[in-house]
Amino acid sequence: MSKKKQKPNRPKARRPRGFEDKTADVFRTEARLIEAAFSVYDLNGFEPLQTPAFEYADALGKFLPDEDRPNTGVFALRDDDDQWMSLRYDLTAPLARYVAENYDGLAKPYRRYQAGSVYRNEKPGPGRFREFVQCDADSVGAPGSAADAEMIMMAADVMRAVGLKAGQYQVRVNNRKLLDGILESSGVPNTEDGAVQRLQVLRAIDKLDRLGSDGVEALLGEGREDESGDYTQGAKLGANAIKAVLGFTVASGTGRGETISNLEKLVGTSERGLAGCQELRDIDTILSAVGMGSERVAFDTSIVRGLGYYTGPVFEVELLTDIKDRKGRPVQIGSIGGGGRYDDLVSRFRGQPVPATGFSFGVSRLLSAMERLGSLENETKPPIFITVFDRSLLGQYFKMAEEIRAAGMRAEVYVGTGNLTKQMKYADRRGIQLAVIMGEDELARGEVTIKDLVLGAEMAKAISSNEEWKSARPAQSVVQRENLVGSLKDMLAS
RNA sequence: GCCGCCUUAGCUCAGUAGGUUAGAGCGCCGGUUUGUGGAACCGGAGGUCCUUGGUUCGAGACCAAGAGGCGGUACCA
């Protein structure tokens, strides 16, 4: 009988996992990071480009969505003409498509920068999202090491531009050709036949920091079983090859020059390996000439990058600041950027070879690291708050707001309902510092009351009784209406 | 995908051996105070105890499956 509570069957308000709402602090900081990176790219002569979030799936890479499982790795859907479209998973593949599509009209090397959300249909984790923002610069059409050095220097400069100090980050550079050379001498052919094995080796080395050399050794050989009992197939290299690869990963010396010397001994007579050494030498020459020392850019043979498409120099930007979770345990957020040479990506669309190199700055990664470090700063000041005492004076209130805005300050008139009590509570919650009150009393005298809520809260600590609190009306002053803007400015400055 | 842990109010959590109407603190809303945010006091709203099925006279509690969260591992073209 008492069935008055029929289930309304409302939808649950919930956000898809791996997708984040960006609140004011985060959003403003993100915009600042992007702006900082853009200014570096721009100063280097790069031009902006914006491409759409969707691309035809076949343009995005070798990956083509399966009819049964169209969404592994990427988010894909079918257009009304039955073509598969995918949300971009990075900004590099769309660039390759753009360049290939507009090849003849572009001055080469074509150098562009771009920021935007990219999407990956993977399991989210700390610092890993299904939608996240990257801010890239790429250079298409330049085969030489100068273009790679340019990317590496910009990567370091972007880190500085976003506010990181020397010692808080380091760009770590390696060259795929070195590993190719070592694998070649170890019997893994540098052709399609060895591609799968080479990729497995790359992924194994990529896990060096997490699994240690024992774990990587297992992955290079037969395979490895983790604590949870999951088994990973290994690359099945021979004992000598494993030794050579592991030896390579620890070949970094204390300086860039020393590392190159170590590497030259390791690669022996391999043509590809020697070419890799020469490229690093060329890069070092440029970096040294501009005074970029190994504190900011180091050569590190344990850096490989998990992606298969790199063909030459590769690098990652490591955030060196320690990150701790709520329980004080260290959290690895991984690299906050990386890049390298990918000479085959644009060539896919065209017969001829098109060299390319680029850098991708993981804005969301850095942002979530900053969030964990508690170093998000909201530099935007709260608006001046104009209370609505008398609705018939709304026009005058908005007039005041206009004057304040014209002086370059944020200002808002209360557009909600409720008396002054409610308005003051709202202002308090908004973190507002200055509130303007003008009722009939002030109006008659040509005055306005300005209240400093921050100061008021401070003074309130010494007041315990409500009577006292009410009669004191702490931290407010009465000024002439025509001096409103000037007074507000003075109060903000003091 | 695989393994482990977790899921009670907006948040943090209690809930004893299965037994009426499921609690606390904080937060939120309202009032004391219709020209003033704090404090204090008073009052109020808010729960399909993640879901479904099972065991039982009786399940928030026990069992099973599923979903979601967290962590690890794999994948990440």
Side-chain angles (χ1 to χ4, degrees), chain A residues 5-10 12-18 57-58 60-65 69 72-74 86 88-90 92-93 118-126 128 130 195 199-200 202-204 206-207 210-211 215 219 223-233 305-310 325-327 329 331-332 334 342 345 348 385 387-390 418-443 449-476:
Chain A
K5 264 201 174 173
Q6 271 285 354
K7 279 187 213 171
N9 196 22
R10 297 198 183 92
K12 200 170 278 176
R14 62 206 178 108
R15 153 179 68 82
R17 65 200 174 91
D58 60 354
L60 279 184
K62 275 170 276 178
F63 178 89
L64 280 170
R69 304 181 58 203
T72 47
V74 299
S86 299
R88 62 189 176 196
Y89 54 82
D90 68 16
T92 312
V118 300
Y119 305 85
R120 295 193 188 172
N121 196 356
E122 297 161 5
K123 181 192 164 185
R128 293 178 64 96
R130 295 206 286 177
L199 198 59
Q200 279 172 318
L202 290 176
R203 287 174 188 161
D206 211 22
K207 296 177 176 65
R210 257 186 313 124
L211 304 182
L219 283 174
R224 174 178 177 273
E225 188 180 298
D226 66 46
E227 306 95 82
S228 64
D230 207 9
Y231 188 77
T232 311
Q233 279 291 331
R305 310 231 79 204
L307 304 186
Y309 60 64
Y310 290 111
D325 68 9
R326 274 169 305 188
K327 290 171 184 158
R329 296 173 303 193
V331 175
Q332 288 221 319
Y342 51 96
L345 221 53
R348 278 194 323 110
F385 182 62
T387 56
V388 174
F389 181 81
D390 184 341
N419 55 24
L420 263 190
T421 303
K422 195 161 176 200
Q423 296 186 35
M424 295 310 286
K425 279 188 174 171
Y426 165 85
D428 201 36
R429 190 178 268 201
R430 283 286 312 273
I432 276 163
Q433 187 187 347
L434 297 180
V436 176
I437 303 166
M438 187 183 75
E440 53 253 21
D441 298 355
E442 286 92 345
L443 183 67
T449 299
I450 303 173
K451 179 163 180 136
D452 188 326
L453 277 75
V454 175
L455 192 60
E458 195 61 35
M459 294 169 74
K461 287 177 185 165
I463 300 174
S464 55
S465 92
N466 187 244
E467 254 78 295
E468 201 184 336
W469 164 259
K470 273 183 68 184
S471 58
R473 281 190 188 164
Q476 53 185 76

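Since we're looking at a predicted model, the values are computed, not measured.
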Q: Who are the ring-ring contact (aromatic ring centres under 6.0 Å, His included) partners of A/Phe389, not counting sequence neighbours?
A: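 A/Phe389: no ring-ring contact (aromatic ring centres under 6.0 Å, His included) contacts found.
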Q: Got a sec, which residues hit side chain to side chain contact (heavy atoms under 4.5 Å, CB included) with A/Asp90, two or more places apart in sequence or on another chain?
A: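 Applying side chain to side chain contact (heavy atoms under 4.5 Å, CB included) to A/Asp90 gives A/Thr92, A/Ala93, A/Pro94, A/Arg120, A/Gln134, A/Tyr309.
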Q: For Watson-Crick and G-U wobble pairs within 3.5 Å on both distances, what is RNA chain B written in dot-bracket notation, | included for inter-strand pairing?
A: (((((((..((((.....[...)))).(((((.......))))).....(((((..]....))))))))))))....
Q: By ring-ring contact (aromatic ring centres under 6.0 Å, His included), which residues pair with A/Tyr310, not counting sequence neighbours?
A: none
Q: According to side-chain hydrogen bond (donor to acceptor under 3.5 Å, both in side chains), who are the partners of A/Asp390, at least two apart in sequence or on a separate chain?
A: A/Ser392
Q: With C1' as the reference atom in both, quote the distance from B/G44 to B/G38 in angstrom, rounded to an integer.
A: 22 Å
Q: Rounding to the closest angstrom, what is the interatomic distance between B/U21 and B/C49 at atom P?
A: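 That atom pair is separated by 14 Å.
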Q: Among residues two or more places apart or on two chains, list those pairs meeting salt bridge (charged side-chain N to carboxylate O under 4.0 Å, His left out) that have a residue in residues 422-435 of chain A.
A: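 Matches after skipping sequence neighbours: A/Glu412-A/Arg430.
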Q: For A/Arg305, report the nucleic acid contact type (base, sugar-phosphate, nothing); a contact means any heavy atom under 4.0 Å.
A: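 Result for A/Arg305 = nothing.
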Q: So, using salt bridge (charged side-chain N to carboxylate O under 4.0 Å, His left out) as the criterion, who are the partners of A/Glu440 when residues are at least two apart?
A: none
Q: For a quick check, with a 4.0 angstrom heavy-atom cut-off, what is the B/S/- contact string for nucleotides 28-37 of chain B, read 5' to 3'?
A: SSS--B-BBB
Q: So, using side-chain hydrogen bond (donor to acceptor under 3.5 Å, both in side chains) as the criterion, who are the partners of A/Gln423 when residues are at least two apart?
A: none
